[in-house]
Amino acid sequence: MSVLNAATRMVNERGALSLMIYAIPNYPDPATYREILAVLNEHPAVTIIETAFPVTSGFSRMANETIQQAHRQAAGFQDGAAVLEALQPFAKPSVCVLYRETFETLGYDTVLRKMQGKIDGFLFEWLLPSIEDYADSYERYGIELVQCVVHLMPEEKIAHHLALAIEEPIVYLVSAPKTGATLYEQAQLASCVQSIRVHRPKAKIYAGFGIRGAEDIASLSTIDHIDGVIIGTAFIEVMQQGAAAVAAFLDGLMPALSNHRPR
């Protein structure tokens with residue numbers, strides 16, 4: 001069982017949904033980011049910290065303007081290569097969103113070697129034509145390749161992606177067309193969850209994209225076998241307001257996260 005799956009399982013067994021929070025290093029500025037990271041490390045709502053190496057170009061169509069602007073602002077303090085070079089382990093389990101600019105500048109193996117022992121999982125921000133060459137990341141580096149699945153995928157493609165996942169993975173269920181967009185219909189998400197469970201019964205499934213707060217979490221918690229949620233754009237917006245606003249935002253999520261029955 002991976003670190004990410006085990007951490008999620010522990011939260012679920014306490015009767016709560018797991019929460020993964022996306023925070024860009026040095027956004028909105030280095031000092032404020034350090035304060036926010038301290039909040040994420042301590043706050044009981046947060047199970048997994050999702051990070052990235054700031055970039056200025058190469059975003060996929062799934063990244064909205066809020067995410068792109070935050071990356072550019074953070075890169076003005078320290079570019080992604082420098083952030084990666086100075087990377088230290090997080091106090092909680094961690095996942096990295098790997099962007100095309102970093103991948104193409106440094107190369108896949110260099111990035112994973114520098115993340116080794118510091119990051120527990122990673123996912124690609126853009127759609128690769130083939131992921132077979134990266135599926136052994138767990139064996140080579142101890143870093144889980146997080147598979148992303150969306151209901152628009154044909155069943156055979158879902159099966160193929162999950163066949164490349166580790167035995168007890170976490171799976172990223174894409175719950176909206178892009179970051180910050182409106183959630184897909186519940187029936188579409190529920191159907192996709194069932195497909196994931198067929199191919200990887202021991203997976204822990206995180207819904208991500210379009211989740212802005214407690215109301216969306218409460219809605220998603222009614223779908224069987226969703227084990228966690230990911231908040232990105234909405235959290236980046238709160239980060240602009242500082243650490244106190246971040247703590248208040250996370251406090252406000254606690255009741256919705258707690259309304260979960262292990263399945």
Nearest 0.5 Å please: distance from the [atom1] atom of [X] over to the [atom2] atom of [Y].
X      : Y      : atom1 : atom2 : value
Phe124 : Ile131 : CZ    : CD1   : 8.5 Å
Glu65  : Thr233 : CD    : OG1   : 11.0 Å
Ile24  : Ile67  : CD1   : CD1   : 5.0 Å
Phe59  : Thr179 : CZ    : OG1   : 10.0 Å
Tyr184 : Ser175 : OH    : OG    : 8.5 Å
Thr47  : Asp227 : OG1   : CG    : 11.0 Å

**Study point:** Candidate list Ile48, Asp120, Ile230, Thr51, test side-chain contact (heavy atoms from CB on, under 4.5 Å), partner Val95, passing option
**Key:** Ile48
Got [X] and [Y] here, is their nearest side-chain heavy-atom distance under 4.5 Å?
X      : Y      : value
Pro28  : Gln73  : yes
Ser219 : Gln186 : yes
Leu19  : Leu253 : yes
Met20  : Lys92  : no
Pro54  : Asp79  : no
Val149 : Val174 : no
Leu37  : Ile49  : yes

[X] and [Y] aromatic centres sub-6.0 Å:
X      : Y      : answer
Tyr99  : Trp126 : no
Tyr108 : Tyr134 : yes
His71  : Tyr27  : no

Return yes if a side-chain donor-acceptor contact under 3.5 Å exists between [X] and [Y], otherwise no.
X      : Y      : value
Tyr206 : Thr8   : yes
Asp29  : Thr32  : yes
Thr56  : Glu101 : yes
Tyr138 : Ser2   : no
Ser94  : Glu50  : no

Check your understanding: If Ile, Leu, Val, Met, Phe, Trp and Tyr residues are connected whenever their side-chain heavy atoms lie under 4.5 Å apart, and connections chain through other members, are Val198 and Leu162 in the same group?
Key -> no
Practice item. Could you state whether Phe77 and Ile36 fall into the same hydrophobic cluster, counting links through intermediate Ile, Leu, Val, Met, Phe, Trp or Tyr residues with side-chain heavy atoms under 4.5 angstrom apart? Key: no
**Study point:** Under 3.5 Å donor-acceptor, Gln188 side chain and Glu185 backbone
**Key:** yes
Exercise for review: Keeping the roles fixed (side chain from Gln116, backbone from Gly142), state whether a donor-acceptor pair exists under 3.5 Å.
Suggested key: no
Point to revise | Under-4.0 Å salt bridge between Lys204 and Glu168 | key: no
Review point. Would you call Arg100-Glu125 a salt bridge at under 4.0 Å N-O?
Key: no
Point to revise | Check against salt bridge (Lys or Arg N to Asp or Glu O under 4.0 Å), Glu85 and Lys114 | key: CA-CA 7 Å; Glu85 194 63 39; Lys114 290 181 180 295; 2.8 Å; yes
Exercise for review: Given side chain to side chain donor-acceptor pair (under 3.5 Å), test Gln147 with His160 step by step and report yes or no.
Suggested key: CA-CA 10 Å; Gln147 298 287 3; His160 176 67; over 6 Å; no
